[in-house]
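Naming convention: chains lettered A, B, ... in sequence-line order (proteins, then strands); numbering from 1 in each chain. Note that these values count all heavy atoms, side chains included, but never hydrogens, waters or copies made by symmetry.
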There are 2 protein chains.
Amino acid sequence: MKSAEMRSDCPISSSLDIFGDKWSLLIVRDLMLHKSRTYGDFTKSAEKIATNILANRLQMLENNGIIIKLLYPGNKVKGLYRLTPKGVDLIPALIEIALWGGKNISNIDDGSPFLKEVKKNKTKFLKKIMDGLLQEDKTNID
Amino acid sequence: MKSAEMRSDCPISSSLDIFGDKWSLLIVRDLMLHKSRTYGDFTKSAEKIATNILANRLQMLENNGIIIKLLYPGNKVKGLYRLTPKGVDLIPALIEIALWGGKNISNIDDGSPFLKEVKKNKTKFLKKIMDGLLQEDKTNID
DNA sequence: TTTTTTTACTTGCATATTGAAAGTGATTAT
DNA sequence: ATAATCACTTTCAATATGCAAGTAAAAAAA
């Protein structure tokens, strides 16, 4: 399920084989910002992902060990998606992409509280957010 | 040509609107590793990009100010592609993606000289490679 | 307890993108 | 003068995307 579908043994190329599309990293972004999300939560994001694409990407991210699906406490219908350590590990890349967009795309607000905090102290911010996501207290939801 | 085709005002989403596919960042990678490339050079990379996709991506990267096309000295047919400062600015993201792949994808060599040097001192490595690409000495070709 | 709503998907279908292969026209090398 | 190189373009089949509607089970409301 791995090297057969890889275009080369370059780590960048192989990474893009997994998340090189317009949607996968947005799911990771939502889980970075909110820690856990249900299927419905994802559909409410600003980019309006189609439900068939969402289902497809959640499955592939799970297959690749980037997210896990947990049971929503006290509900047999809902699922709860979270980042695995492998998924949390994507955050530095995500942050660099966000910084690039803030700096280099016109019409993008470079001064959002989020980007401002990142730029104030990147290392500290990364540690804080990654540590927060890595401790999986299944009780606190959001 | 900008905000109309953006899915939201999120810097990550808007960045992916530009380079969120399996090929664009590989072109940037080649220009990071080699400083300048011709059309034919790109087709020789391990991932074997189709020429129609290559032409399309070079055009869109140029439209978005990430690469520039220069004249190949002493040749009226060849072109020379290079990263603009905006393109060089993508390197931190590219490096994080490479590090993620090296660490998290099986069958990928995590101990290549390139990744080893990055990990030894990321800041230093970034500065070195970005500075090198930013000084555009149009004479030295590689 | 019946009805309605919520939730997480799946299905169908039109459109867009990708990929492989072959073609083109202008240099450039022989 | 001829052949080879180079940078694309074109064609067409295969795949992916996007939208809208449908479904089945559980949960909440009446």
Side-chain angles (χ1 to χ4, degrees), chain A residues 1 4-8 13-14 16-27 30-31 34 36-64 67-82 141-142, chain B residues 1 4-8 13-14 16-27 30-31 34 36-64 67-82 141-142:
Chain A
M1 199 216 118
E5 50 193 49
M6 284 176 177
R7 290 171 293 172
S8 76
S13 163
S14 298
L16 294 175
D17 284 338
I18 296 174
F19 56 74
D21 68 86
K22 299 212 184 304
W23 295 108
S24 300
L25 286 182
L26 294 187
I27 291 173
D30 285 355
L31 292 175
H34 298 287
S36 70
R37 297 270 93 178
T38 65
Y39 188 93
D41 290 335
F42 288 117
T43 67
K44 292 181 190 91
S45 287
E47 293 83 13
K48 299 270 163 273
I49 186 169
T51 57
N52 53 347
I53 313 262
L54 175 58
N56 174 279
R57 291 306 187 284
L58 288 172
Q59 189 62 64
M60 96 88 77
L61 287 171
E62 201 183 359
N63 290 346
N64 280 289
I67 64 175
I68 24 158
K69 187 181 187 176
L70 305 169
L71 297 172
Y72 192 103
N75 190 307
K76 284 169 188 168
V77 174
K78 288 179 165 180
L80 255 193
Y81 294 93
R82 292 202 174 188
I141 289 158
D142 172 84
Chain B
M1 199 220 120
E5 50 194 46
M6 283 178 177
R7 291 171 293 174
S8 76
S13 163
S14 299
L16 294 175
D17 284 338
I18 297 174
F19 56 73
D21 68 85
K22 299 210 185 304
W23 295 108
S24 300
L25 286 182
L26 295 187
I27 291 173
D30 285 355
L31 292 175
H34 299 288
S36 70
R37 297 270 93 177
T38 66
Y39 189 94
D41 289 334
F42 289 118
T43 67
K44 292 183 190 89
S45 287
E47 293 84 12
K48 300 270 161 274
I49 188 170
T51 57
N52 52 347
I53 313 262
L54 176 58
N56 174 279
R57 290 306 187 285
L58 288 172
Q59 189 61 64
M60 95 89 74
L61 287 170
E62 201 182 0
N63 290 345
N64 279 289
I67 63 174
I68 25 159
K69 187 180 185 174
L70 305 169
L71 298 171
Y72 193 102
N75 189 307
K76 285 169 188 166
V77 175
K78 286 180 167 180
L80 255 193
Y81 294 94
R82 291 201 176 191
I141 288 159
D142 168 87

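The interatomic distance linking Ile27(B) (CD1) with dA7(D) (P) rounds to 14 Å, in whole Å. The interatomic distance linking Asn52(B) (CG) with dA14(D) (P) rounds to 16 Å, in whole Å. Rounded to whole angstrom, the span from the CD atom of Glu62(B) across to the C1' atom of dC8(D) amounts to 14 Å. Atom CD1 of Ile53(A) is separated from atom P of dA16(D) by 11 Å (rounded to the nearest Å). In this structure, Tyr72(B) places its OH atom 18 Å from C1' of dC8(D), rounding to the nearest Å. Atom pair Gln59(B):CD and dT9(D):C1' shows a separation of 13 Å (rounding to whole Å applied). Distance, Asp41(B) CG to dT5(D) C1': 13 Å, rounded to whole Å. Atom pair Trp23(A):CH2 and dA16(D):C1' shows a separation of 13 Å (rounding to whole Å applied).
When side chains are defined from C-beta on, Asp17(B) counts as touching Ser13(B), because their heavy atoms get closer than 4.5 Å. Ile27(A) is not listed as a side-chain neighbour of Arg37(A), based on a closest heavy-atom distance of 4.5 Å or more. Under the 4.5 Å side-chain criterion, counting only non-hydrogen atoms from C-beta, Thr38(A) is in contact with Leu80(A). Proximity of Tyr39(B) to Lys69(B): side-chain heavy atoms (C-beta onward) are nowhere separated by under 4.5 Å.
Using a 4.0 Å heavy-atom distance criterion, Tyr81(A) is classed as a sugar-phosphate-only contact. As judged by a 4.0 angstrom heavy-atom cut-off over every strand, Thr43(A) is placed among residues making no nucleic acid contact. At a threshold of 4.0 angstrom between heavy atoms, the contacts of Lys48(A) with the nucleic acid are absent.
Between Ile67(B) and Leu58(B), the shortest heavy-atom contact is CD1-O, 3.5 Å. Pairing each heavy atom of Lys48(A) with each of Thr43(A), the nearest pair is NZ-O, 4.1 Å.
The span of DNA chain C lying next to chain A, judged by atoms under 4.0 Å from heavy atoms, is bounded 5' to 3' by dT7(C) to dG12(C).
The residue among Thr51(A) and Lys78(A) whose nearest nucleotide of DNA chain C lies closer to the 5′ end is Lys78(A). When each of Ala50(A) and Gly40(B) is assigned the nucleotide of DNA chain D with its nearest heavy atom, Gly40(B) is the one assigned upstream, toward the 5' end.
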Report the C-alpha separation of Arg7(A) and Leu26(B) in whole Å, then their side-chain angles, then the decisive distance to 0.1 Å, and conclude whether the side-chain contact (heavy atoms from CB on, under 4.5 Å) test is met.
-> CA-CA 11 Å; Arg7(A) 290 171 293 172; Leu26(B) 295 187; 3.7 Å; yes
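With sequence neighbours left out, Asp30(A) forms a salt bridge (charged side-chain N to carboxylate O under 4.0 Å, His left out) with no residue at all.
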Per-nucleotide protein contact string for nucleotides 24-30 of chain D (B base, S sugar-phosphate only, - none; heavy atom under 4.0 Å) = --SS---
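The distance from atom CG of Asp41(B) to atom CG of Leu31(B), rounded to the nearest 0.5 Å, is 9.5 Å.
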